[in-house]
Amino acid sequence: MSEWLIMETDASLLGVELEQKQQEELYQPLLLQTTGKMQSESPPSKVICPQPGMCVKTSSMSDKKKVFLNICQSQAVPPPPHLSQQALVDLLESEDPTSYRVPMSLGEPHTEVDNSSQGCTVYDVVINDEFFQKCEKDTLFQQFLIAVSLEGLENKYNLELSRDIKILKNRKFMGSIAEQNIRTKSKPIIQEIDSKQSDSFPSSTKRPEFSLLVEPPTGNAEHLIAEILLPGVISARSLVLDLGEDRLVLIARPSLFHLDIFFPLLIDQENSVAQFNTKTQTLTVTMPVVSS
């Protein structure tokens with residue numbers, strides 16, 4: 001069974017000496033075989049004016065101060081892949097519920113005054129308008145949306161927010177809603193794989209065992225290292241590897257393995273390196289972490 005681990009890096013993994021005849025294949029570039037060159041310039045963006053949605057009250061765990069989430073909506077934010085209620089239940093009970101991503105724009109914190117004339121911190125979270133309407137009609141989706149919004153803010157701003165939340169019934173937002181600048185890539189680095197595309201993989205295709213390591217193990221992360229075991233793969237030429245800013249997709253031909261995972265951190269795709277060790281049949285992908 002595949003594992004999703006964040007654990008200490010064994011230095012010996014990075015210092016293994018391979019025989020001379022393996023060097024060419026070890027460092028054979030595998031990245032972005034289907035997407036072409038990376039764009040070095042900043043991605044295009046545009047300013048959007050989010051519309052009110054719902055206001056969620058919570059608090060910071062460190063100082064117990066009030067925090068509000070203005071969960072807003074906009075057509076400019078792409079919707080997540082279609083998901084039925086039963087599929088959401090199955091997802092939440094799965095080993096990797098983070099495999100389903102909700103596109104959202106997380107705004108900077110701003111200070112407002114609540115009904116008690118006390119200062120509070122407010123974050124604007126913008127999601128697709130159609131997905132918001134779906135969450136508004138379905139309690140399970142609404143709870144899921146709030147959970148991923150809290151987690152997204154925690155990851156981006158290094159926060160710890162209480163899960164004891166309250167949805168304000170008579171208020172759609174706290175304070176004001178600021179304009180946001182969102183990226184507008186014309187073509188994503190990695191296309192979403194829908195159910196029809198997934199069905200195109202033969203039943204014999206397996207999800208390989210893998211581990212995800214962070215280096216250094218303490219402090220600010222500098223590299224993510226994915227180690228993927230590919231028994232039966234004898235050459236890097238049979239591998240197709242795509243990297244997105246927070247996603248890895250690997251196909252081992254012919255129909256041996258297929259892996260599609262998301263990362264907890266953003267990575268520098270252009271400076272990432274893939275190495276395949278033919279002795280251990282292990283693919284190691286070393287990815288610099290983009291500092292926040």
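Reckoned from all heavy atoms, side chains included, excluding hydrogens, waters and symmetry mates.
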Tyr157, Met61: one ILVMFWY side-chain cluster at the under-4.5 Å cut-off?
no
Using side chain to side chain contact (heavy atoms under 4.5 Å, CB included), reason through Asn158 and Glu154 one step at a time and then give a plain yes or no.
CA-CA 5 Å; Asn158 194 26; Glu154 288 177 330; over 6 Å; no
Apply salt bridge (charged side-chain N to carboxylate O under 4.0 Å, His left out) to Asp129 and list each qualifying residue two or more places apart in sequence or on a separate chain.
none
Measure the acute angle between the ring planes of Phe131 and Phe141, then classify it against the limits of 30° and 60° as parallel, tilted or perpendicular.
perpendicular
Identify which one of Leu230, Asn277, Leu259, Val233 satisfies the side-chain contact (heavy atoms from CB on, under 4.5 Å) criterion when paired with Leu283.
Leu230
Is there side-chain contact between Arg247 and Asp260, with heavy atoms separated by less than 4.5 Å?
yes
Do the non-hydrogen side-chain atoms of Cys72 and Gln51 ever get within less than 4.5 Å of each other?
no
Would you call Leu256 and Ile251 a side-chain contact if the rule is heavy atoms closer than 4.5 Å?
no
Would you say that Arg207 contacts Ile261 through its side chain, given a criterion of any heavy-atom pair below 4.5 Å between the two side chains?
yes
Can you find a pair of side-chain heavy atoms, one from Ile225 and one from Met287, that are under 4.5 Å apart?
no
How far does CG of Asn271 sit from OG1 of Thr286, to the nearest 0.5 angstrom?
12.0 Å
Single-linkage hydrophobic cluster, 4.5 Å side-chain cutoff, Tyr123 and Val113 together:
no
4.5 Å side-chain heavy-atom contact, Ser149 and Met104
yes
With Leu265, which residues qualify under side-chain contact (heavy atoms from CB on, under 4.5 Å), at least two apart?
Ala221, Leu224, Val289
Can you name the nearest heavy-atom pair linking Cys55 to Arg171, along with the distance?
CB-O, 3.5 Å
With clusters built from Ile, Leu, Val, Met, Phe, Trp and Tyr whose side-chain heavy atoms come within less than 4.5 Å, directly or transitively, what are the remaining members of the cluster of Ile177, listed by chain and number?
Phe173
Chi angles and distances behind the side chain to side chain contact (heavy atoms under 4.5 Å, CB included) call for Ser272, Leu243
CA-CA 9 Å; Ser272 297; Leu243 287 182; 3.6 Å; yes
Just by distance, with hydrogens left out, do Glu108 and His110 show a side-chain donor and acceptor under 3.5 Å apart?
no
Residues that, via side-chain heavy atoms closer than 4.5 angstrom, fall in one hydrophobic cluster with Phe68:
Val122, Leu168, Met174
Heavy-atom pair with the smallest gap, counting every atom of Leu150 and Ser162:
CD1-O, 4.2 Å
Under the ring pair (Phe, Tyr, Trp, His ring centres under 6.0 Å) rule, collect the residues that match up with Phe132, sequence neighbours excluded.
none
If you measure from OG1 on Thr121 to CG on Asp114, what distance do you get to the nearest 0.5 Å?
11.0 Å
Minimum-distance pair of heavy atoms, taken over all atoms of Ile48 and Ser74:
CD1-OG, 4.0 Å
Phe262 side chain near Leu248 side chain, heavy-atom distance below 4.5 Å:
no
Compute whether any side-chain donor of one residue and acceptor of the other, for Gln180 and Asp124, lie under 3.5 angstrom apart.
no
Would a hydrophobic clustering, with Ile, Leu, Val, Met, Phe, Trp and Tyr connected at side-chain separations under 4.5 Å, put Phe276 with Leu229?
no
Hey, are the side chains of Gln118 and Glu112 touching, using non-hydrogen atoms and a 4.5 Å cut-off?
no
Measuring from atom CD of Gln143 to atom CG of Leu140, what distance do you get when rounded to the nearest 0.5 angstrom?
6.5 Å
Working to the nearest 0.5 Å, report the span between CG of Asp63 and CD of Glu160.
11.5 Å
Shortest non-hydrogen separation from Ala274 to Leu241 and the atoms involved
CB-CD2, 3.8 Å
Would the number of heavy atoms belonging to other residues, nucleotides or ligands and lying under 6.0 Å from CD of Glu130 be above 12?
no
If you draw a 6.0 Å radius around CG in Asn170, do more than 12 non-hydrogen atoms from other residues or ligands fall strictly inside?
no
So, for Leu145 and Val148, which heavy atoms are closest and what is the spacing to 0.1 Å?
O-CG2, 3.1 Å
Does atom NZ of Lys172 have more than 12 heavy-atom neighbours from other groups under 6.0 Å away?
no
I'd like to know whether CD of Gln75 has more than 12 heavy-atom contacts from other residues, nucleotides or ligands below 6.0 angstrom.
no
Minimum heavy-atom distance Gln281-Gly232, with the two atoms named:
OE1-N, 3.2 Å
Residues that Ala87 engages under side-chain contact (heavy atoms from CB on, under 4.5 Å), provided they are two or more places apart
Leu83, Ser84
For the pair Asn155 and Leu153, evaluate side chain to side chain contact (heavy atoms under 4.5 Å, CB included) and give the outcome as yes or no after the intermediate values.
CA-CA 5 Å; Asn155 291 336; Leu153 290 171; over 6 Å; no
If I take atom CD from residue Gln269 and atom CG from residue Leu266, how far apart are they, to the nearest 0.5 angstrom?
9.0 Å
Is it true that atom NZ of Lys57 has more than 12 heavy atoms of other residues, nucleotides or ligands lying nearer than 6.0 Å?
no
What distance separates Lys64 NZ from Ser59 OG, expressed to the nearest 0.5 Å?
6.0 Å
